[in-house]
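Each remark here refers to the structure printed beneath this line.
Basis for what follows: all heavy atoms, side chains included, without hydrogens, waters or symmetry-related copies. Order of the sequence lines sets the chain letters (A, B, ...), proteins ahead of strands, with each chain counted from 1.
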Amino acid sequence: MTACLVLTPLIGVIAILMGRDPKATARLTTTVMLITGILLAGLWAMGIREGLSMDPIVLNKPEIRLGLGLYDGMSVIMMLLSVTVAFAAARTGSCEKRHEALWNISLLLIAAGAIGAFISTDLFFFYAFHELALIPTFLMIGILGRGERKIIAWKATIYLAFGSIVLLAGLLWLVSSSGTSSLAFEDLLKTSIPSEDQQGIALFLIIGFGTLVSLFPFHSWAAPTYASAPAPISMLHAGVLKKFGLYGLLRLHPLVPEGMSHWLNLVIVLLIGNILWVGLVTINQKRLDLMLGNSSVMHMGYIFLAFAALIEAGSEAENPVAMPAAILLMFAHGVTIAMLLGLTDRIEKKTGTLDLRNLGGLASLTPRLAFLFGLAAMASIGLPGLANFAGEVMVFIAGFKGWQARSGMGSVQIATIIALWGLVISAVYMLRAYRKTFQGPKGSHTTKAEDLSPSERKPAIFLAFVLVIVGIFPNLLLGLLGDSGSESSESRELQPPSKQVLLPDPEPKSQQAILAN
Amino acid sequence: MPAYWLEATVVILGLILLLMEAFGKSTSRELLRRVAIGGLAFTLVPLYFAVAPSPDNAELSRFYIYDNWAVFFKLLAIVATILVLLMAYDYRRVLNQFTEEPGTDHGTGEFYALPVFACAGMMWMASARDLVSIFVSLELVTITFYILVGYMRRQVGSLEAGVKYLILGALSTGFLVYGMAWIYGVTHTTNLAEISIAIADPDSGIAANPSPLFFGLSLMLLSLAFKIGAVPMHLWIPDVYQGAPTPITAFLSVGSKAAGFIVALRILEPFFASEITRTQTTLIVLIMAGLTLLLGNLAAIAQTNFKRLLAYSSIAHAGFILLAIAAWHPGDAGSLSTHQVVSLYLATYLVITLGAFFVLVVVRNSESSDEISAFDGLGQRNPSLAACATILLSALAGLPLTAGFIGKFFAFQLAISSASANKALWLGVGIGFIGVAASFYYYLKVVRAIYWREPANEEEVPVPQISRIVILSLTALTILFGFWPNPILWVIGG
């Protein structure tokens with residue numbers, strides 16, 4: 001049944017190739033995916049986990065299986081993120097009639113690739129599915145992108161290809177030194193890697209996955225790509241596909257804990273680069289789309305902070321907050337950035353520009369757009385009551401967790417303190433961008449603009465709904481992680497404290513009051 | 001039936017075709033093509049039932065080996081020849097422009113008979129286990145190609161290609177024979193099994209002074225580099241690929257290369273098996289692999305002609321296979337052996353490359369050009385052909401979920417797992433990854449032409465019936481093997 005999640009979009013692609021109406025097919029397909037995804041998550045939460053997966057052998061030696069199933073709670077949450085964003089992406093943006101087929105096929109292929117990577121239970125297909133997005137992205141940016149689209153298309157493709165190749169080297173090394181003959185996670189995670197190999201493997205994995213997640217200094221492809229790509233593509237890329245790198249690091253960390261801890265300080269320096277350097281770059285952006293692209297790169301720094309906390313602790317059992325923190329923030333960030341990018345596309349549609357100097361005073365013309373954008377912007381800053389807040393608080397808790405165990409401050413704790421300043425930076429750029437776009441005197445392009453039509457509103461409202469629900473009840477997601485039947489259930493016992501921190505806070509009403517001002 | 005009848009059947013088929021061409025009443029080549037394709041397809045049946053010649057027949061079994069690899073490479077040769085003949089069918093319009101009476105198929109009969117002889121040569125190469133039979137079968141293939149490459153004799157490009165191929169081919173033959181003479185001089189035998197024993201003997205003179213042996217091996221590898229398209233004998237490839245008739249280019253890049261690799265595996269096997277020679281042999285092959293990878297991938301970047309691009313890509317692929325050979329591994333319970341990886345790689349390469357050449361023939365028929373610019377706007381002029389071309393090009397680049405990834409994945413896996421024993425292999429792996437990164441660029445250049453560029457005209461590109469079926473099935477196989485490579489492993493006996 002899990003395989004349906006990948007099969008549905010592929011059937012959609014074939015239907016479009018056979019001449020079905022592309023738009024309607026893509027919408028129907030993503031709806032089916034969303035329903036299937038929620039259903040599967042529900043079954044998972046109820047503990048019904050048998051018979052949902054498949055793993056036919058596709059190669060005997062070494063044993064490779066086309067394993068599609070829900071491996072653990074992390075897979076379930078990433079799968080939910082993918083179907084959520086795909087659902088919204090299929091309903092965002094528009095193009096000329098002659099490009100419609102390509103547009104929707106690309107969208108479905110990228111969605112299929114992302115979901116496939118998250119629900120693969122075999123290392124081979126985990127890697128392979130991610131690459132499904134490469135060609136569609138290249139074509140969509142090159143044909144339909146904004147600005148210097150051809151250069152950006154090449155840049156993104158070459159960066160992503162470079163990252164994937166470094167990653168492949170790391171994965172192959174990992175497989176060969178684990179000595180396993182089966183590439184299924186189940187078997188692979190049982191092996192142990194000799195410590196002399198761990199260091200090299202970990203570096204390859206950090207650089208490979210890091211490039212895909214736009215870890216500083218391999219981040220320069222990301223912002224222009226998200227700014228240039230058509231809205232649904234950048235939503236899927238920034239919201240979902242990028243999380244593949246983090247997902248991979250979290251998944252494979254148990255295999256190379258010693259190697260990773262050797263590079264702990266490197267990771268910390270790089271993630272501070274993400275938060276501070278890219279944060280300052282973001283403040284200076286003059287275009288809304290580039291600002292969002294950079295902010296997305298910056299926020300990856302927080303998730304890496306959770307990862308650094310995990311590295312410091314050495315295993316999940318030592319720091320039980322780190323993993324859920326990273327996963328929750330990945331989910332929240334994915335939904336938020338997808339919503340922001342989708343709405344940005346609408347702003348361009350309505351006003352014809354994304355240059356912050358030409359925008360202004362849009363809120364009086366398009367109150368609904370202003371409200372939804374404001375909500376997403378607040379979520380991105382980390383306002384309590386929305387999903388990101390829960391994630392960020394947990395990240396900071398995870399960052400300080402190691403402090404109790406050790407005597408004194410470690411590098412992770414110092415990084416956490418520095419990263420807290422990132423919150424100020426993100427408040428500065430988000431609020432400034434919001435003010436320049438929606439408030440103040442009218443700019444040259446904002447003398448008249450229509451508000452969102454009902455069909456344009458729907459995807460944004462859907463994503464906002466998800467943000468609020470997860471913000472108020474983060475345990476809806478974290479509960480999926482909690483009772484992972486397969487492994488390390490004892491390590492989750494320490495989780496309740498974090499819930500206590502999170503639950504008293506939500507105040508959705510007061511936050512709407514802020515927006516109303 | 002004994003396996004050597006297979007080669008006999010194919011040679012007889014070729015002779016029948018020649019006789020039909022000379023004495024048949026009809027001037028049409030239609031019947032000739034059908035008999036050639038049908039006859040080869042029929043050969044697949046006895047291939048299934050064939051058994052190795054009995055060991056009692058000492059003289060024959062000295063020359064002829066029939067194992068898993070022989071079966072597999074014979075199969076590759078036959079399938080490649082059938083597809084090439086099908087391609088020749090749709091290429092006939094171009095071919096007929098350069099005959100004695102342009103526009104007719106007068107004088108093109110041999111064009112359909114000679115590939116059958118080449119096929120027999122390749123099949124024999126797959127079974128050769130003696131330096132003498134290697135030489136004879138290799139020459140049968142090469143001499144056939146001398147004629148085929150220059151077949152469009154009223155076109156300057158084809159003639160130029162023919163001359164270049166002849167000169168370098170003759171040179172490489174010289175190297176081969178000279179190398180064999182040295183090996184014979186050192187080991188006193190031409191049989192590979194006996195050579196294997198001779199060079200593994202730690203008490204012989206070879207262990208004390210292996211230089212003459214390596215001199216001979218290097219000369220033979222030079223000659224094999226000509227066959228498989230590796231540095232330093234790669235110079236002919238771009239020009240010959242560009243000038244030769246496209247089906248022959250495809251044949252060179254698939255059939256001839258595959259046959260070259262099985263011979264290379266057979267010759268190198270004793271050298272890798274022996275403790276005395278393993279280190280140096282690894283080094284020699286690794287240097288070849290590294291240079292081939294670098295040159296093939298980097299030179300391809302600048303190409304504007306699609307055939308030349310495929311020529312450099314063919315060099316680059318030879319580099320990946322050589323990397324797998326340099327990382328020699330006899331195979332164990334958990335991983336593939338070098339033989340298996342090379343076979344897997346060549347099988348997927350055959351499917352993808354022939355698909356790409358079929359697309360080229362279709363575009364060439366419609367645009368009269370082999371340039372990448374002939375693909376401009378194909379996405380609008382024929383979306384399904386464009387989709388197939390995109391999938392095939394991504395597969396050549398080695399994108400996951402296509403057959404192209406499988407070959408590269410295992411080549412690299414082999415190299416990385418052997419690298420723990422021999423650190424020099426890391427260099428090869430590094431160069432290989434640079435090559436893969438570069439290859440993304442040049443293959444995507446064609447994808448860019450297909451989708452980004454505006455077409456020169458709006459007419460739909462017509463696809464002949466045979467090409468349509470073959471392109472669709474090869475594309476489908478490319479995707480199928482990307483998900484499910486096991487069938488290839490069944491054939492090669494994993």
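- With a 4.5 Å cut-off on side-chain heavy atoms, B:Leu336 and B:Leu414 do not count as touching.
- Within 6.0 Å of CD on A:Glu148 lie no more than 12 heavy atoms contributed by other residues, nucleotides or ligands.
- With ring centers used as reference points, B:Phe405 lies under 6.0 Å from A:Tyr127.
- Between chain B and the residues A:Glu131, A:His130, A:Glu63, A:Arg98, the most heavy-atom pairs under 4.5 angstrom are made by A:Glu131.
- Taking the six-membered ring where the residue is Trp, B:Trp328 and B:Phe272 present parallel rings, their angle staying beneath 30° rather than reaching 60°.
- For the pair A:Leu241 and A:Leu236, the minimum side-chain heavy-atom distance is 4.5 Å or more.
- Heavy-atom pairs under 4.5 Å with chain A were tallied for B:Val447, B:Thr390, B:Ile450, B:Leu444; the largest tally goes to B:Leu444.
- Residue contact with chain B, scored on non-hydrogen atoms closer than 4.5 Å, involves the side chain of A:Val175 exclusively.
- Chain A forms the most heavy-atom pairs under 4.5 Å with one residue out of B:Trp484, B:Phe410, B:Phe409, and that residue is B:Phe409.
- Between the CD1 atom in B:Ile321 and the NZ atom in B:Lys408 there is a gap of 10.0 Å [rounded to 0.5 Å].
- Using a 4.5 Å cut-off between heavy atoms, A:Leu66 touches chain B through its side chain atoms alone.
- You'll find the side chain of A:Val166 stays beyond 4.5 Å of the side chain of A:Phe209, heavy atoms only.
- Side-chain contact between B:Val359 and B:Phe306: absent, with no pair of heavy atoms (C-beta onward) separated by less than 4.5 Å.
- Side-chain atoms of A:Ile165 and B:Phe440, non-hydrogen and from C-beta on, do get closer than 4.5 Å to each other.
- Contact count against chain B (heavy-atom pairs under 4.5 Å) is highest for A:Ala169 among A:Ser181, A:Ala169, A:Ala161, A:Pro56.
- Interface residue B:Ile406: only side-chain heavy atoms are found under 4.5 Å from chain A.
- For A:Glu100, the CD atom counts as densely surrounded, since its 6.0 Å shell holds more than 12 non-hydrogen atoms of other residues, nucleotides or ligands.
- Remark: A:Arg146 CZ is packed, more than 12 non-hydrogen atoms of other residues, nucleotides or ligands lying under 6.0 Å away.
- Ranked by heavy-atom pairs under 4.5 Å with chain A, the list B:Ser417, B:Pro485, B:Ser335, B:Pro487 is led by B:Pro485.
- For B:Leu401, the parts lying near chain A are the backbone and the side chain together; criterion is any non-hydrogen pair under 4.5 Å.
- With a 4.5 angstrom heavy-atom cutoff, B:Ser384 does not touch chain A via any of its atoms.
- Only the side chain of A:Thr157 comes within contact range of chain B, judged by heavy atoms closer than 4.5 Å.
- Residue contact with chain B, scored on non-hydrogen atoms closer than 4.5 Å, involves the side chain of A:Leu134 exclusively.
- Of the candidates B:Tyr443, B:Tyr442, B:Tyr349, B:Tyr443 is the only one forming a side chain to side chain donor-acceptor pair (under 3.5 Å) with B:Ser313.
- Across A:Ala153, A:Gly179, A:Ala128, the residue that shares the most heavy-atom pairs under 4.5 angstrom with chain B is A:Ala128.
- Looking at B:Phe483, both its backbone and its side chain come within 4.5 Å of chain A, counting heavy atoms on both sides.
- Residues B:Phe412 and B:Phe433 place their aromatic rings such that the two centres sit under 6.0 Å apart.
- Of the possible polar contacts, one joining the B:Gln303 side chain to the B:Ala299 backbone as a donor-acceptor pair under 3.5 Å is found.
- Contacts between A:Leu17 and chain B at a heavy-atom distance below 4.5 Å are absent for every atom of the residue.
- Heavy atoms closer than 4.5 Å to chain B are found in both the backbone and the side chain of A:Phe138.
- Contact of A:Leu183 with chain B is made through the side chain alone, with heavy-atom distances under 4.5 Å.
- Looking at B:Val436, the atoms closer than 4.5 Å to chain A (heavy atoms on both sides) sit in the backbone and in the side chain alike.
- Among residues 101-126 of chain A, the residues having any heavy atom closer than 4.5 Å to a heavy atom of chain B are, in sequence order, A:Phe124, A:Phe125.
- Under a 3.5 Å cut-off, the side chain of A:Thr191 and the backbone N or O of A:Asp187 do not form any donor-acceptor pair.
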